[in-house]
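Structure record follows, encoded as structure tokens.
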Amino acid sequence: MIETFTKQFLSTTLSLLLLTATTPFEAGAQQSGQQEPAGSSGQGAPLSADELQQLVAPIALYPDALVAQILGAATFPDQVASASGWLQQNKNLTGTALTQAVDTQTWDPSVKALTQFPSVLDNLAKNLSWTSALGEAYHTQAADAMAAVQVLRAKAKAAGNLKSGSQITVVQQSPQVIVIQPTNPQVVYVPQYNPTVVYGTPYVTPGYSAATVAATGLLAFGVGIAVGAAISNNNCCGWGYSYWNCNWHGGAVVYRSNAYYGNTAWRGGYYGSSATAYGPNGAARVGSAYNPSTGTYARGASTVTPYGSQKVGQAYNPNTGAYAATHQASNAYGSYGSSVVSKNGQTAYTQHQTTAQGSVGTVQTSAGGKGVAASGVHGSGAAAQTANGNKYAAANGNVYKNTGGGWQQTRGGSSNYSAASRGWGQQEASSRSSAFNSGGGGWQSRSASARGSASGGRRR
């Protein structure tokens, strides 16, 4: 009985760890140079004009260059999330120091450019489902997405809600094209508006929420963003605001005078990347993947040498708040590892080790539950304590409990021990289950997120 429980405990822990650690490594599909036909989508039929207008409604009234950056960056939602987190951790950086630090990152130029606009980047990161859908729409229906922006600008202008001022200059370049530029080229203002009012026709964008904006058709502006440093510091950063624009007649974003379509690896929204290096002392591999249908991000790395192997992995689903990380290793003497699983403020930590002498595993939850199970040449046993202080123990086929009145041996050990295991393991198990199964697939679809190929911005 206790041996069965010990094996189940270790098996469950190891299954969780291996799932987290190995999935990202499947992301390294072969690079494809083929362009998907315009107007096609890897996830189904092309979006209608109304659907595209709903998607672009939150950004259609932004200055042209900022629209270009957003459309390009939206095809890299994983990098958007990474850059937003990095920016939160480096709030002390400003001006040239910020652009130089950003320049050393491996993000796409469109994502780097948005670090000049923290509120915009933060909004994209907080609405990753929408960001992903926007990126897919631009990648697969670029001309249609650009046309949708112009339709909305025309509606806002007709409603009297889009006009030139001290922050933006609005120019009717042709009957079908309205251009929006900063009035002062050195300072960019990001407009704030209510999409359900400003266009004269209410638009509700799926998967998108933002700070409450007054129910008025007027555009509001926050503090202007000085982009002079990024424009003039050409020796540092060739991705600054001045390098971006929109070719409304050609139906594409323009970056450094070339049409720019974003992530070459985008195939129906799923993509990933991986790299492998081999040497005389072994091999190393890294990988990352993103699944927009679940919002799951995963990454990992592994090494294999004559002395053993190691694997690490992380996965995060911002839609469900579920997070997992693991570190696994093995050598000639055995294997060991640790992991953490967290959701909704509830966290479980596990550790395990297996050698020729036996196996041991531990678990501890943030609510106070904890336990240990072990098996070896001299027998097996387990001990646990629930969050409310109840204690359980098992050894050599005997099961005991202590709920406050002293230790008592439990008869009918199988069912009682099962109850004991639920007592201290329930929170860890429920956290793991909900983390990997809620939110429309949550973490369980990470294998799907590995589809795709190495990511990188594309110009043509």
Side-chain angles (χ1 to χ4, degrees), residues 1-28 274-288 298-315 323-342 347-366 369-385 392-399 417 420-421 424-425 428-429 431-432 436 443 446-447 450:
M1 175 180 60
I2 182 60
E3 291 180 359
T4 300
F5 168 72
T6 303
K7 292 178 180 178
Q8 290 176 341
F9 173 83
L10 295 175
S11 176
T12 300
T13 301
L14 285 171
S15 296
L16 169 64
L17 301 179
L18 291 174
L19 174 64
T20 308
T22 59
T23 300
F25 305 137
E26 300 172 3
S274 68
T276 304
Y278 299 93
N281 297 317
R285 192 176 189 188
V286 296
S288 64
R299 63 179 180 176
S302 66
T303 60
V304 178
T305 73
Y307 302 100
S309 64
Q310 293 200 49
K311 295 180 179 180
V312 294
Q314 288 181 319
Y323 169 84
T326 186
H327 175 205
Q328 300 297 305
S330 63
N331 54 36
Y333 301 100
S335 61
Y336 59 92
S338 62
S339 70
V340 57
V341 181
S342 179
T347 305
Y349 308 89
T350 66
Q351 292 182 314
H352 76 92
Q353 183 177 25
T354 298
T355 68
Q357 283 70 44
S359 300
V360 61
T362 66
V363 62
Q364 183 172 354
T365 71
S366 57
K370 53 189 176 182
V372 58
S375 63
V377 294
H378 300 295
S380 58
Q385 178 175 307
Y392 300 86
N396 300 323
N398 298 314
V399 180
Y417 193 79
S421 65
W424 65 265
E428 185 268 345
S431 173
R432 181 175 61 248
F436 281 78
W443 296 65
R446 262 185 317 190
S447 59

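Computation of the quantities below employed the complete heavy-atom set of this structure, encompassing side-chain atoms and omitting hydrogens, waters and symmetry-equivalent molecules. Just so it is clear, the model here is predicted, and its values are computed rather than measured.
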Within a strict 4.5 Å, meaning less than it, do heavy atoms of the K311 and R285 side chains meet?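 Result no, sub-4.5 Å side-chain heavy-atom pair not found.
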Can you tell if the side chain of Q353 reaches within under 4.5 Å of the side chain of T355, non-hydrogen atoms only? yes
Applying side chain to side chain contact (heavy atoms under 4.5 Å, CB included), can you list everything that pairs with N281, at least two apart in sequence or on another chain? none
Picking from S335, S359, S339, what satisfies side-chain contact (heavy atoms from CB on, under 4.5 Å) with H352?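 With H352 as partner, side-chain contact (heavy atoms from CB on, under 4.5 Å) holds for just one option, S335.
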Can you spot which of T326, V363, V340 makes a side-chain contact (heavy atoms from CB on, under 4.5 Å) with T350?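 With T350 as partner, side-chain contact (heavy atoms from CB on, under 4.5 Å) holds for just one option, V363.
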Atom pair CD (Q364) and CD (Q385), whose distance is rounded to the nearest 0.5 Å: 10.0 Å
I need the minimum non-hydrogen distance between Y333 and N331, along with the two atoms involved. N-OD1, 2.8 Å
Can you name the nearest heavy-atom pair linking Q351 to S338, along with the distance? CG-CB, 3.8 Å
Flag for S380-S375: side-chain donor and acceptor within less than 3.5 Å: no
